[in-house]
*Asks:* 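Can you read through this structure? Questions will come right after.
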Protein chains: 2
Amino acid sequence: MPELTPQLSLLLQSAALWSQLIKRADSQLSVHGISFTEFSILHCLSQAPLQQLSRIELANGVGLSASGVTRLLAPLEKIHLVEKAQVARDARVSLVKLSTVGAQIYQDARQTLGYCAEQFAAPLTPRQQEQLADLLARLA
Amino acid sequence: MPELTPQLSLLLQSAALWSQLIKRADSQLSVHGISFTEFSILHCLSQAPLQQLSRIELANGVGLSASGVTRLLAPLEKIHLVEKAQVARDARVSLVKLSTVGAQIYQDARQTLGYCAEQFAAPLTPRQQEQLADLLARLA
DNA sequence: TAGATATACTTGCATACTCAAGCATCTATC
DNA sequence: GATAGATGCTTGAGTATGCAAGTATATCTA
């Protein structure tokens, strides 16, 4: 049995870490009634100009398929965290806009996720956290 | 709108990166007829003494629930990549053992995933890869 | 040694996606 | 300006999980 290459063990290592992390984030966000993916949606919207994006832009932003976005957005619309809007010059696109309520939930959830992220990053010194962010940025 | 904390943006950054990575790994592994999760199963087994583990150990090893393991294992058994075995002293546990065929598929898939991991890590120098592995190890 | 509790699974039901196909609309070409 | 192709989105069907509840077996305690 040959040794694992460092790159492969890096990948496996990331895998284990990630699934753990997502579970923790999801469970902590559940008090706000949203999942991590839904948080990502709200986050994307909140960063967008006018706090609105087309569904395709949103899909790219959160790394989901177009159909995934459609299905994910339905419940968020139902509870009025986001709203539909139309583009005059193109009847195909259906814009998604962060509602006032949505923006508030996002802020609250961000607080919660912030704590989660702190716990996550706690084993590292601030200097190391910077390093890690830098290394990850190079990978993207 | 307050600024994102560095920890939170670290978490969001990892999220985006990870979903990308898994998709690439899955698509490259598909030529061997297995998913990344299935690869993880085979990997866990191959590292275990006697190349066998109980389903619970396997679940912990790959970060899945017990039921997830049960369902994942069914098709792997059907195509004879793994085999069932029993423990004499405890009739509850059902051991899973890597078969000869399974070990072969694992080796092949590992090769493929190795390339994938290399591509992934390519933007980093070997020194940086080491650093990254070290930082991730601290997080676990 | 009988019953209570814990453990190792499995199964039913729900959720969160994906891909392929379909529909509406836009754009470009002749 | 008709028609062919591209684009944005939705929907149907399938896959990959998780959680809660159920079953079988083991262990502990009175």
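What you see is a predicted model, and the numbers here were worked out from it, not measured in a lab. Both backbone and side-chain heavy atoms feed into the values below; hydrogens, waters and symmetry mates do not. Order of the sequence lines fixes the chain letters, A, B, ..., with proteins taken first and strands second; residue numbering starts at 1 for each chain.
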*Asks:* Atom CD1 of A:I22 to atom P of C:dT15: distance rounded to whole Å?
*Replies:* 19 Å
*Asks:* Counting only side-chain nitrogens and oxygens, does B:S54 get under 4.0 Å of the OP1 or OP2 atom of C:dC9?
*Replies:* yes
*Asks:* Of all the nucleotides listed (C:dC26, C:dT10, C:dA8), which has the minimum atom distance to the side chain of B:V93?
*Replies:* C:dA8
*Asks:* Taking atom C1' of D:dA16 as reference, at what distance in whole Å does atom CG of B:D26 sit?
*Replies:* 11 Å
*Asks:* Kindly point out which of D:dA20, D:dT17, D:dA6 is positioned nearest to the side chain of B:L64?
*Replies:*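 Of D:dA20, D:dT17, D:dA6, D:dT17 is nearest to the side chain of B:L64.
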*Asks:* Output the rounded distance in Å from CG (B:N60) to P (D:dG18).
*Replies:* 12 Å
*Asks:* On DNA chain D, does the nearest nucleotide to A:V69 precede the nearest nucleotide to B:R89 from the 5' side, or the other way round? Give the residue.
*Replies:*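 Upstream on the strand: A:V69.
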*Asks:* Mind checking if A:G68 touches a base, just sugar-phosphate, or nothing, with heavy atoms under 4.0 Å?
*Replies:*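 Since a base atom lies under 4.0 Å of A:G68, the category is base.
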*Asks:* If I take atom CD1 in residue A:I56 and atom C1' in nucleotide D:dC9, what distance separates them, rounded to the nearest angstrom?
*Replies:*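 Answer to the nearest Å: 7 Å.
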*Asks:* What nucleic acid atoms does A:T70 come within less than 4.0 Å of, heavy atoms only: base, sugar-phosphate, or nothing?
*Replies:*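 If one applies the 4.0 Å heavy-atom cut-off, A:T70 turns out to touch a base.
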*Asks:* To the nearest 0.5 Å, what is the distance between CD (A:E57) and CD (A:Q52)?
*Replies:* 9.5 Å
*Asks:* Just the rounded figure in Å: distance from P of D:dT15 to CZ of B:R71.
*Replies:* 14 Å
*Asks:* Using a 6.0 Å cut-off, check whether atom CD of B:Q86 has over 12 heavy atoms from anything other than its own residue.
*Replies:* no
*Asks:* Looking at B:K23, I'd like to know if its NZ atom is crowded, meaning that more than 12 non-hydrogen atoms belonging to other residues, nucleotides or ligands lie closer than 6.0 Å.
*Replies:*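 More than 12 heavy atoms, drawn from other residues, nucleotides or ligands, come within 6.0 Å of this atom.
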*Asks:* At under 4.0 Å, does any side-chain N or O of A:T37 touch on OP1 or OP2 of C:dC17?
*Replies:*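 Answer is yes, contact under 4.0 Å.
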*Asks:* Indicate whether OP1 or OP2 belonging to C:dT10 is found under 4.0 Å from a side-chain N or O atom of B:R55.
*Replies:* yes
*Asks:* Distance criterion of 3.5 Å, no angle test: do you see the side chain of A:S65 paired donor-to-acceptor with the base of C:dC17?
*Replies:* no
*Asks:* Whole angstrom is fine here: how far is it from CD in B:E77 over to C1' in C:dT10?
*Replies:* 13 Å
*Asks:* Out of B:V96, B:L98, B:V82, which residue meets the side chain to side chain contact (heavy atoms under 4.5 Å, CB included) rule with B:Q51?
*Replies:* B:L98
*Asks:* Would you say A:V101 ends up clustered with A:L73 if hydrophobic residues are merged whenever their side chains have heavy atoms under 4.5 Å apart, either directly or through other cluster members?
*Replies:*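 Yes, A:L73 connects to A:V101 through the hydrophobic network.
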*Asks:* Assign B:S67 to base, sugar-phosphate, or nothing according to its heavy-atom contacts below 4.0 angstrom with the strands shown.
*Replies:*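 Base, at least one base atom sits under 4.0 Å.
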*Asks:* Between D:dT10, D:dA26, C:dT11, which nucleotide gets closest to the side-chain atoms of B:R92?
*Replies:* D:dA26
*Asks:* Can you measure A:L73 atom CG to D:dT10 atom P for me and round it to whole angstrom units?
*Replies:*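 Taking CG of A:L73 and P of D:dT10, I get 8 Å after rounding.
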*Asks:* Find which nucleotide of DNA chain C each of A:V87 and A:G63 is nearest to by heavy atoms, and output the residue with the more 5' nucleotide.
*Replies:* A:G63
*Asks:* If I take atom NZ in residue B:K23 and atom P in nucleotide D:dA16, what distance separates them, rounded to the nearest angstrom?
*Replies:*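 After rounding, the gap between these two atoms is 15 Å.
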